[in-house]
Amino acid sequence: DAGVTQSPTHLIKTRGQHVTLRCSPISGHKSVSWYQQVLGQGPQFIFQYYEKEERGRGNFPDRFSARQFPNYSSELNVNALLLGDSALYLCASSLVQGAVYGYTFGSGTRLTVV
Amino acid sequence: SQQGEEDPQALSIQEGENATMNCSYKTSINNLQWYRQNSGRGLVHLILIRSNEREKHSGRLRVTLDTSKKSSSLLITASRAADTASYFCATDLLPNDYKLSFGAGTTVTVRA
């Protein structure tokens, strides 16, 4: 059974551009969360989606948006990229909405903004 | 700001030794979890301890939780080179809370 898959694995973008990151959760998992991890820091919560609805949003600007599709896969979109958006973006899936069973993380997308 | 803080920031030990790292957090929690991250890639869930539990074991891992001190510790016994990684504690605040708050992590290097 496949784990959480993220694409692409690496990405280089220019300031001001737009980026879309993709995540496929473990089969049967209905919850997808997105985290941003800047080098040397712990992950920071961006969004959680459960049953295709946004259930939580972290302290990120409106340039960040996401959605979840009927098959429970998810996209994270970032507009007007800034140098500070360079980070590892992690997707996590879980069976239920809450964190009670732990999350399964993907390998992440490394975004570099130049 | 991050909820948890790990201590030490970095740890270097010899293979076979035990590694202990600590996590302190600021507000009351529902659960505390430990994750491992190899070379800046994805996080691997290691163990979850609930706020009403004091100690939990999983293989070579032992986690303790002291809610009165708002702290937790992770002990890795008989370390191996493959344990070289960054270790993060993460807390969630409410039943069915939808987010994890991570600390900055402890980087563990196991020398052969």
### Message
Tell me whether A:N71 at atom CG has more than 12 heavy atoms from other residues, nucleotides or ligands lying less than 6.0 Å away.
### Response
yes
### Heavy-atom check, side chain of B:F102 versus side chain of A:F45, under 4.5 Å
no
### Task
Would you name the heavy atoms of A:F105 and B:L43 that are closest together and state the gap between them?
CB-O, 3.3 Å
### Query
Got a sec: does the CG of B:N52 have more than 12 other heavy atoms crowding it under 6.0 Å?
yes
### Query
Side chains of A:I46 and B:K99: closer than 4.5 Å at any heavy-atom pair?
no
### Task
Please state whether the side chain, the backbone, both or neither of A:Q6 comes within less than 4.5 Å of a heavy atom of chain B.
neither
### Query
Do A:V78 and A:L88 share a hydrophobic cluster (ILVMFWY, side-chain heavy atoms under 4.5 Å, transitive)?
no
### Summary
Against chain B, residues from residues 7-21 of chain A with at least one heavy atom under 4.5 Å, in numeric order, are A:T9, A:H10
### Query
From A:Y103 OH over to B:L100 CG, what is the distance, rounded to the nearest 0.5 angstrom?
5.5 Å
### Task
Measure distances from B:Q9 to the heavy atoms of chain A and classify the residue's part below 4.5 Å as side chain, backbone, both or neither.
neither
### Summary
Residues A:L90 and B:R41: closest non-hydrogen pair is CD2-O, 4.2 Å
### Message
So which atom in A:Q41 and which in B:F88 form the shortest heavy-atom distance, rounded to 0.1 Å?
### Response
O-CE2, 4.1 Å
### Query
Taking atom CZ of B:R80 as the centre, does the number of heavy atoms from other residues, nucleotides or ligands within less than 6.0 Å exceed 12?
no
### Message
Can you confirm whether A:L83 is buried at CG, in the sense that more than 12 heavy atoms of other residues, nucleotides or ligands lie under 6.0 Å from that atom?
### Response
yes
### Task
Sort A:Y50 into side chain, backbone, both or neither according to what part of it lies under 4.5 angstrom from a heavy atom of chain B.
neither
